[in-house]
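In what follows, chains are A, B, ... by sequence order, proteins preceding strands, each numbered from 1.
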There are 2 protein chains.
Amino acid sequence: MADTSPRVHATRAPTLNDVAQLAGVSMATASKAVNGRAEVAEKTRRRVLAAASEIGFTPNGLAQSLVTGRTKTVGLLTSDLEGRFVLPILMGAEDAFGSGEISVLLCDARGDRIRENYHLKALLNRRVDGIIVVGRSTDPRNSLGQQLPVPVVYAYAPSDDPRDQSLAPDNHAGGRLAVEHLISVGRRRIVHITGDPGYAAAQDRAAGFKEGMAAAGLTPVDEVMFGSWTEGWGRDATAVLLQRHPDIDGFVCGSDQIARGALETLRDFGRSVPEDVAVIGYDNWEVLATNSRPELTSIDCTLQGLGRQAAKRIFEALDGAPVAGGTELFLPKLVIRGSTIASR
Amino acid sequence: MADTSPRVHATRAPTLNDVAQLAGVSMATASKAVNGRAEVAEKTRRRVLAAASEIGFTPNGLAQSLVTGRTKTVGLLTSDLEGRFVLPILMGAEDAFGSGEISVLLCDARGDRIRENYHLKALLNRRVDGIIVVGRSTDPRNSLGQQLPVPVVYAYAPSDDPRDQSLAPDNHAGGRLAVEHLISVGRRRIVHITGDPGYAAAQDRAAGFKEGMAAAGLTPVDEVMFGSWTEGWGRDATAVLLQRHPDIDGFVCGSDQIARGALETLRDFGRSVPEDVAVIGYDNWEVLATNSRPELTSIDCTLQGLGRQAAKRIFEALDGAPVAGGTELFLPKLVIRGSTIASR
DNA sequence: CTGTTAGCGCGTTCAG
DNA sequence: CTGAACGCGCTAACAG
């Protein structure tokens, strides 16, 4: 801090050798001391550590990796431009083995197969310990193949090859969880508005919704409304449904965006939420859920746990654990806000 | 693909040595051939490349980096949980030197100084070529210090130390750009609602707003309304202003969230947008801007360009270019949608 | 407990 | 144009 001259990065970084010489020991001993191995006298260890911190030694991870064969780095390959899915998954992966233990190379392929290949090559080049592939929907995506030299785990979007390891949100359970919540707060005349019927997420959540209704002995007020994952669709579908069935008292929405659209139309129709009608969204996308009036109850996919698990799977496979293909589903959780329960 | 047995990752990855032996040349020659150097006979080169692709050789970046001193990797240190700022910046950095050339280690410190330190250590450990620090507001943040062994560039939030290199959005220009657009579509009775007055972004945009009004010979209908960066504030402030001045015809909002709130209240008051009143947001956050009714005209901070420039700065510094401290401002651009100009 | 030796995989001299 | 030799910084065997 006292130094005001422009920094020059020319000075070679101190190496373990420098540390060893300063401490008057061999490199091997210095290495053991720095890495906290047992076979070093306590006195020498202190001397080495003092020398290390004196010259500001930072171990060269490249050299370490070259010899140990581990980089403690995983690649995250995605096309999720918004970062809505990939960031929680990244945070989970970062935390899987404690703070700062493993690092994540984030690659955004932007939906381009060629760019994905470039990034894949770059990741293998850098000898990542494994790769997590994050799709942008829960529909299966094409496999990277079985020939990769490192473990690959597919997160959010499962792989289309059952030999691969995939982790995905349990949308069926989520749909059911949503409707069960509405029922638990006394709603009976319930409908479901969701997104594009071509998406597995839409179908699975709808199936969970129907199952939850049936289990409670209820019949949905109308058919499931499939459309698109937009606020506009939420507004339109809600208007149609309210016209057909003015006595609806619960909306299960397939996304937070659809739910926001529903809230807006309910306002236009003079219905108050949650008193007259309860609304629940899906995804728990904070910026949408906490800025609406009232705030939106939603289903959270627990993506952080999914990222944690993905990272663990990679290092298990590296340690020789048997790789079981197929998709593991993650249970979602309910996040209650003002759109289903009135604040006191 | 024909192989259905579980993959084992035990087989050593092919090395340059393997390639050389198969091609019947020395490692040195193989190296030159693979790296496209001139000092190799065309015939030998082909032979080497054939051998390389035959055994699926991928150069070991760790070894390369160890000898060249470059990892072609930069660290992105952030606390932007939403990823709203960091992802465009990341994409820009990825693209600075062509696809797949440089990789980015993304570290999320989650606003925790200790975690930031862990990540910083991990990055230096992995010998990144440089570090881009991305703050979550445009207020200056504390410097990482001048003692780091690699170049550091601060993006979005400038460093509080003028010796550091910082890149930030030009909020003053953005505020002016916004009001100029409203004036250009015929608005005269204009107000400005923005966020927390403690934020530089709020102050700078407000200053630009005032300057733009004055330059056009106009006087704002009311004082700048400072509050918070939320839809709720946008709703409330709009209601207050409409009550005081029913003839307002233009709202310049300090964020897209505030603008969405404004749109909602305008609906409640029966004003139609953009016919009666034009509304412009700030940040061009797609999910908010393109899902509102009507879609939101907004100011885009061109963060991708900022990320590109940050990466370039790092490698320039590495190549010995003089490091000029201080903050370089990036001009924003206008993105026009339906909230200021009626669609035909 | 400590030191010596041998690589990890590659780029780069500098003789041939 | 080609190859032998060296070193990047470090860890893992082994001897002492």
Side-chain angles (χ1 to χ4, degrees), chain A residues 9-49 51-52 55-73 124-129 149-150, chain B residues 9-49 51-52 55-73 124-129 149-150:
Chain A
H9 306 292
T11 58
R12 196 178 49 78
T15 77
L16 191 58
N17 202 357
D18 302 335
V19 176
Q21 293 198 358
L22 185 62
V25 297
S26 76
M27 269 186 61
T29 307
S31 170
K32 288 165 195 160
V34 167
N35 294 330
R37 305 280 285 274
E39 327 100 272
V40 186
E42 197 44 44
K43 214 179 117 190
T44 1
R45 153 161 303 128
R46 271 203 291 278
R47 196 147 39 89
V48 172
L49 291 182
I55 61 178
F57 168 71
T58 315
N60 187 323
L62 298 173
Q64 287 182 151
S65 297
L66 192 56
V67 57
T68 62
R70 293 282 176 96
T71 53
K72 291 175 166 182
T73 303
L124 296 177
N125 216 14
R126 286 170 173 75
R127 294 299 190 264
V128 293
D129 287 334
V150 295
Chain B
H9 307 294
T11 58
R12 197 178 48 80
T15 78
L16 191 57
N17 202 0
D18 301 335
V19 175
Q21 293 199 358
L22 184 61
V25 298
S26 76
M27 269 187 60
T29 309
S31 170
K32 287 166 194 159
V34 167
N35 294 331
R37 303 284 285 277
E39 327 102 273
V40 184
E42 195 45 43
K43 214 179 116 191
T44 6
R45 153 161 302 128
R46 269 202 293 279
R47 197 145 39 88
V48 172
L49 291 182
I55 61 177
F57 168 71
T58 316
N60 187 324
L62 298 173
Q64 286 182 149
S65 297
L66 191 56
V67 58
T68 61
R70 292 281 176 98
T71 52
K72 292 177 167 178
T73 303
L124 296 177
N125 218 5
R126 285 170 174 74
R127 293 299 192 263
V128 293
D129 287 334
V150 294

> NA contact type, B:Arg70, heavy-atom cut-off 4.0 Å: base, sugar-phosphate, or nothing?
Replying inline: nothing

>> Of the options C:dG3, D:dG9, C:dC14, whose atoms approach the side-chain atoms of B:Lys32 most closely?
In response: C:dC14

> Under the side chain to side chain contact (heavy atoms under 4.5 Å, CB included) criterion, do B:Leu22 and B:Val19 qualify, and how do the steps go?
Replying inline: CA-CA 5 Å; B:Leu22 184 61; B:Val19 175; 5.9 Å; no

>> So, OP1 or OP2 of C:dG11: does either fall under 4.0 Å of a side-chain N or O from B:Ser31?
In response: yes

> From D:dG9, D:dT2, C:dC10, pick the nucleotide closest to the side chain of B:Phe57?
Replying inline: C:dC10

>> So does A:Arg37 get a backbone contact from the side chain of A:Arg45, meaning a donor-acceptor N/O pair under 3.5 Å?
In response: yes

>> Once you apply a heavy-atom cut-off of 4.0 Å, does A:Thr44 come out as touching a base, just sugar-phosphate, or nothing?
In response: sugar-phosphate

> Does a nitrogen or oxygen in the side chain of A:Thr15 sit under 4.0 Å from OP1 or OP2 of D:dG9?
Replying inline: no

> Would you say the side-chain atoms of B:Arg47 pair up with the backbone N or O of B:Ala23, donor to acceptor, closer than 3.5 Å?
Replying inline: yes

>> Any base atoms under 4.0 Å from A:Ala28, or only sugar-phosphate, or nothing? Heavy atoms, all strands.
In response: base

> How long is the line joining CE of B:Met27 and C1' of D:dA5, in whole Å?
Replying inline: 11 Å

> Expressed in angstrom and rounded to an integer, what is the separation of A:Arg127 atom CZ from D:dC10 atom P?
Replying inline: 21 Å

> B:Asn17 CG to C:dC8 C1': how many Å, rounded?
Replying inline: 12 Å

>> A:Ser65 and side-chain contact (heavy atoms from CB on, under 4.5 Å): which single residue from A:Asn60, A:Thr73, A:Thr71 fits?
In response: A:Thr71

>> What is the separation between atom CZ on A:Arg47 and atom P on C:dT2, rounded to the nearest whole Å?
In response: 8 Å

> How long is the line joining CG of A:Leu16 and P of C:dT4, in whole Å?
Replying inline: 14 Å

>> If you assign B:Arg37 and B:Ala63 each to the DNA chain C nucleotide with the nearest heavy atom, which residue ends up on the more 5' nucleotide?
In response: B:Ala63

> Roughly how many Å is it from CD in B:Gln64 to C1' in D:dG9, rounded to a whole number?
Replying inline: 17 Å

>> Mind checking if B:Val67 touches a base, just sugar-phosphate, or nothing, with heavy atoms under 4.0 Å?
In response: base

> In whole Å, what is the span from the CZ atom of B:Arg45 to the P atom of D:dC1?
Replying inline: 10 Å

> Between atom CZ in A:Arg126 and atom C1' in C:dC10, what is the gap in whole Å?
Replying inline: 16 Å

> Can you find a side chain N or O atom of A:Asn60 that sits less than 4.0 Å from OP1 or OP2 on D:dC8?
Replying inline: no

> Just wondering, are more than 12 heavy atoms of other shown residues or ligands nearer than 6.0 Å to CZ in A:Arg70?
Replying inline: yes

> Taking OP1 and OP2 of D:dG3, is either one under 4.0 Å from a side-chain nitrogen or oxygen of B:Ser26?
Replying inline: yes

